[in-house]
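Below: one structure, written as structure tokens.
It should be emphasised that the depicted structure is a prediction, and the values quoted were computed from it without experimental measurement. Side chains are part of it too, since the values below use all heavy atoms of this structure and drop only hydrogens, waters and symmetry mates.
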Amino acid sequence: MSMTSNVRSTISRFLQCSPVVVDAFQVSAANRRRYFWGNLPGMSRSLVPLPGDRVTLQECLEPNCGRTAQFNKLRTVTTKQNSIKQTKAALFPVVEELGIDDAPPRGDILWCTELERVFGLPKHYTDVNNMSKQNRQRLIGQGWSVPVVRHLLSPLKDYFKCVTALPSAEATS
């Protein structure tokens with residue numbers, strides 16, 4: 001997280017509350033520490049993955065394509081194109097078997113659909129208006145992780161439960 005303490009304290013002063021730090025690594029295949037300010041109940045509770053959450057990079061890769069994750073988790077993905085590469089050595093997160101005899105596997109970046117899965121988005125969610133691969137990554141990098149948003153908003157379902165309406169007098173007569 002690159003927010004300075006001065007900026008963080010200014011936001012806290014205006015919102016009159018301290019931020020909660022939530023890291024998506026517990027419920028997704030990416031490290032993504034972010035500050036959240038608010039008065040939602042349960043904001044500081046622990047993140048718990050739900051069935052169906054993809055918490056490793058391998059789970060987010062397209063199946064049956066000969067692609068293997070080099071890492072269990074991605075570092076934070078941003079709008080910068082090189083943020084997909086991992087470690088200071090800028091390693092590709094995936095190796096791809098070429099299917100050619102004696103050809104070594106080669107490093108590869110994440111495909112857009114795989115990056116969407118990392119963030120909990122449906123497949124081809126950002127595939128609109130012939131958007132380029134770079135713009136799709138930029139869009140995803142500016143977004144929130146769906147499992148984190150689900151975590152933050154899930155306590156509200158208790159406040160907004162639907163009550164089944166009783167049959168009206170006209171319907172029973």
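- One finds the SG atom of Cys112 at 10.0 Å from the CG atom of Asn135 (value rounded to the nearest 0.5 Å).
- Expressed to the nearest 0.5 Å, how far CG of Leu121 lies from CZ of Arg136 amounts to 10.5 Å.
- Under the 4.5 Å side-chain heavy-atom criterion for grouping Ile, Leu, Val, Met, Phe, Trp and Tyr, Leu153 is connected to Tyr159 within one hydrophobic cluster.
- Ile140 places a side-chain heavy atom less than 4.5 Å from the side chain of Glu116.
- Contact of the Leu61 side chain with the Val94 side chain is registered, since non-hydrogen atoms from C-beta on lie closer than 4.5 Å.
- The cluster map of Ile, Leu, Val, Met, Phe, Trp and Tyr, joined by side-chain heavy atoms under 4.5 Å apart, puts Met3 and Val21 in the same cluster.
- With contacts defined as side-chain heavy-atom distances shorter than 4.5 Å, the pair Leu74/Pro93 qualifies.
- Leu91 is not listed as a side-chain neighbour of Lys85, based on a closest heavy-atom distance of 4.5 Å or more.
- The two residues Leu115 and Gln137 make their nearest non-hydrogen contact at CD2-CG, 3.8 Å.
- Nearest heavy-atom pair across Ala30 and Val118 is CB-CG1, 3.6 Å.
- Arg138 and Thr79 are not linked by any side-chain donor-acceptor pair at a separation below 3.5 angstrom, with hydrogens and angles left out of the test.
- Remark: Phe36 pairs with Trp144 by the ring-ring contact (aromatic ring centres under 6.0 Å, His included) rule, at least two apart or across chains.
- Within a 6.0 Å sphere centred on CG of Asn39, other residues, nucleotides and ligands contribute 12 heavy atoms or fewer.
- Ile109 has its side chain within reach of Phe92: a pair of non-hydrogen atoms, C-beta onward, lies under 4.5 Å apart.
- Salt bridge annotation for Arg67-Glu114: present, with a cationic side-chain nitrogen under 4.0 angstrom from a carboxylate oxygen.
- Look at Asp53 and Arg150 and you find a salt bridge, because one of the NZ, NE, NH1 or NH2 atoms lies within 4.0 Å of a carboxylate O, short of that distance.
- In the hydrophobic clustering of this structure, Tyr125 groups with Leu110; members are Ile, Leu, Val, Met, Phe, Trp, Tyr whose side-chain heavy atoms approach within less than 4.5 Å, directly or through other members.
- Between Val22 and Arg32, every side-chain heavy-atom pair lies at or beyond the 4.5 Å cut-off.
- Between the side chain of Gln86 and the main chain of Arg75, a donor-acceptor pair closer than 3.5 Å is present.
- Within the model, atoms CH2 of Trp111 and SG of Cys60 stand 14.0 Å from one another, a figure rounded to the nearest 0.5 Å.
- Although no hydrogens or angles enter the test, the distance criterion places no donor-acceptor pair under 3.5 Å between the side chain of Asn31 and the main chain of Lys73.
- When all heavy atoms of Ser12 and Ser18 are compared, the pair lying nearest together is OG-CA, 4.1 Å.
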- prompt: After noting the C-alpha distance and the side-chain angles of Arg45 and Ser154, does the key distance pass the side-chain hydrogen bond (donor to acceptor under 3.5 Å, both in side chains) rule?
  reply: CA-CA 11 Å; Arg45 73 190 191 290; Ser154 67; 2.6 Å; yes
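- Side chains of Pro41 and Leu156 form a contact here, defined as non-hydrogen atoms less than 4.5 Å apart.
- Salt-bridge annotation for Arg117 and Glu62: present, with a side-chain N of the basic residue lying under 4.0 Å from a carboxylate O of the acidic one.
- Between Lys123 atom NZ and Thr113 atom OG1 the span is 5.5 Å, to the nearest 0.5 Å.
- Closest approach of Met43 to Trp37, counting heavy atoms only: CE-C, 4.0 Å.
- No donor-acceptor pair under 3.5 Å is formed between the side chain of Arg34 and the backbone N or O of Val20.
- In this structure, Leu139 shares a hydrophobic cluster with Val128, Met131, the cluster being traced through Ile, Leu, Val, Met, Phe, Trp and Tyr side chains under 4.5 angstrom apart.
- Tyr35 and Val77 end up in different hydrophobic clusters when Ile, Leu, Val, Met, Phe, Trp and Tyr side chains are linked at under 4.5 Å.
- You'll find the side chain of Val95 stays beyond 4.5 Å of the side chain of Asp108, heavy atoms only.
- Under the 4.5 Å side-chain contact rule for hydrophobic residues, Val148 and Phe119 do not share a cluster.
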